[in-house]
Amino acid sequence: MEPVSPLKPAEPRDRKLSIHVVTWNVASAAPPVDLDSLLQLDNQGPNLDMYVIGLQEMNCGIMSLLSDTAFEDPWSRFFMDVLSPLSFIKVSSVRMQGLLLLVFAKCQHLPFIQILCAKSTPTGLFGYWGNKGGVNICLRLYGYYVSIINCHLPPHLANNDQRLEHFDWILEMQNFEEPDIPNILDHDLIVWFGDMNFRIEDFGLHFVREAVKSQSYSDLWEKDQLSIAKRCDTLLREFQEGPLLFPPTYKFDKNSDNYDTSEKKRKPAWTDRILWRLKRQPHTDSCTPRLPAPDFSLSLRSYVSHMMYTISDHKPVTGTFDLELKPLVSVPLITLKPEGLWTVGNAMLINYSLTQDFPSSPWDWIGLYKVGLRHIKDYVSYVWVRDNQVSFSNGLNQVYINMSDIPETEDQFLLCYYSNRLHSVVGISSPFKIQAFLKEDPLGEVQPQI
């Protein structure tokens, strides 16, 4: 067996990760044909590492929910169809009725993303109904704690106090059963977005529309309910937001760029928002403001709406961030690679090694994937590491995997080690090819079978 030496820890280099956040109340609509602009695919190729996508008001009728439970919902399927050819893999998702939260990451980041939990917090009907509320994915990214929340808060101008109560309630409910996960306010980063439904106070419909028409957005900021709340609420003030330099994203007539022309004629408002909060260092001096941790910083590259999409009465909003960090984890927990030349129809060997602190489990498995996998269950074949173990010595392991059901293809493959205890991929191989069957020709020489 060719040894697989564990990588020696080295001084971790600073990393910059580009993260694209999308929020959109889709008003029960199906995905449109083209979302390239929304996903920044209309450039020569997105220089991105992660996508975080939150939708509100997905179709949640009984038949739709039953279908989405048995199969992927249309929006998840659409995003995977578009992003998987670009080496983005869906690493986690959570849905609560019309709320959906998806996290995609480039393949090379998988061993450094540990999914800690995904949970839902309903706030509709006294906390029992999920038409309003929040969904959260908590993860560790290169060793740092990150919480991502997609929410849908109560509507209408007069319900601002209720919105703020639901905001606090969603935050309060993000407690974690696992003792090693800190309180959410001690996480290194919280990204919170969604249809927050905050409205513009005092100004009349005509004034608001004229201000929007003349792009005098600053005239409206002081009466934006979220901006007002941030001036009064200490905790909310810790959440940052980019400048609102785009038109209000609600309420539009569907299939048009016209603000509400119905009898109600709702005032335009910035209901769709993206906020973030960085963990602060402990206070050492009451005169010194608390600052973000020096090895972990987030900067906003763009914060825009996308007015060309008309399927909903909301316009989608995106924020693109650069996250700079010094990795706390820089070596994969598992190092693995195929042994020798792999051929279709044979049992082939996988070599892997693990770090000393890796919490292995009998339920760990290694999956064989085509390059361009959509999600972690999109394997061609898999093997339980304990059941098919051939040898073990000095932290080096060898297991075999049956290749009899693998079709002949020119595609490249890779291996991923999935940890049952960490609920995440903890090791990934380099891409490789699987050869066609080998057979012996009449002269006794082994030739590939095409």
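If you read the sequence from its start, that first residue is 1, and numbering goes on from there.
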Study note, to complete from the structure: Contacts of N255 meeting side-chain contact (heavy atoms from CB on, under 4.5 Å) (sequence neighbours excluded), chain-then-number -> T310
Point to revise | Residues E241 and R273 bridged, charged N to O under 4.0 Å | key: yes
Review point. Would you call K223-E201 a salt bridge at under 4.0 Å N-O?
Key: no
Practice item. Classify the angle between the aromatic ring planes of Y379 and W365 as parallel (below 30°), tilted (30 to 60°) or perpendicular (above 60°). Key: perpendicular
Point to revise | Contacts of F193 that satisfy ring-ring contact (aromatic ring centres under 6.0 Å, His included) - sequence neighbours left out | key: none
**Study point:** Qualifying residues under side-chain hydrogen bond (donor to acceptor under 3.5 Å, both in side chains), relative to N183, sequence neighbours excluded
**Key:** none
**Study point:** Residues which pass side-chain contact (heavy atoms from CB on, under 4.5 Å) with L300, listed by chain and number, not counting sequence neighbours
**Key:** W276, Y303, F321
Review point. With sequence neighbours left out, what residues match F78 under ring-ring contact (aromatic ring centres under 6.0 Å, His included)?
Key: none
Review point. What pairs with Y417 under ring-ring contact (aromatic ring centres under 6.0 Å, His included), at least two apart in sequence or on another chain?
Key: Y352, F358
Check your understanding: If you look only at pairs with a residue in residues 146-155, which of them pass as a side chain to side chain donor-acceptor pair (under 3.5 Å), with sequence neighbours excluded?
Key -> Q56-N150, S147-H187, H152-D195
Check your understanding: F413: what forms a ring-ring contact (aromatic ring centres under 6.0 Å, His included) with it, not counting sequence neighbours?
Key -> none
Check your understanding: With sequence neighbours excluded, what pairs up with E210 under the side-chain contact (heavy atoms from CB on, under 4.5 Å) test?
Key -> H206, K213
Review point. Which pairs with one or both residues in residues 263-272 pass side chain to side chain donor-acceptor pair (under 3.5 Å), sequence neighbours excluded?
Key: T249-D272, T271-H314, D272-H314
Check your understanding: Under the side-chain contact (heavy atoms from CB on, under 4.5 Å) test, which residues partner S87, sequence neighbours left out?
Key -> K106
Exercise for review: Using the test salt bridge (charged side-chain N to carboxylate O under 4.0 Å, His left out), find all partners of E57 that sit at least two apart in sequence or belong to another chain.
Suggested key: none
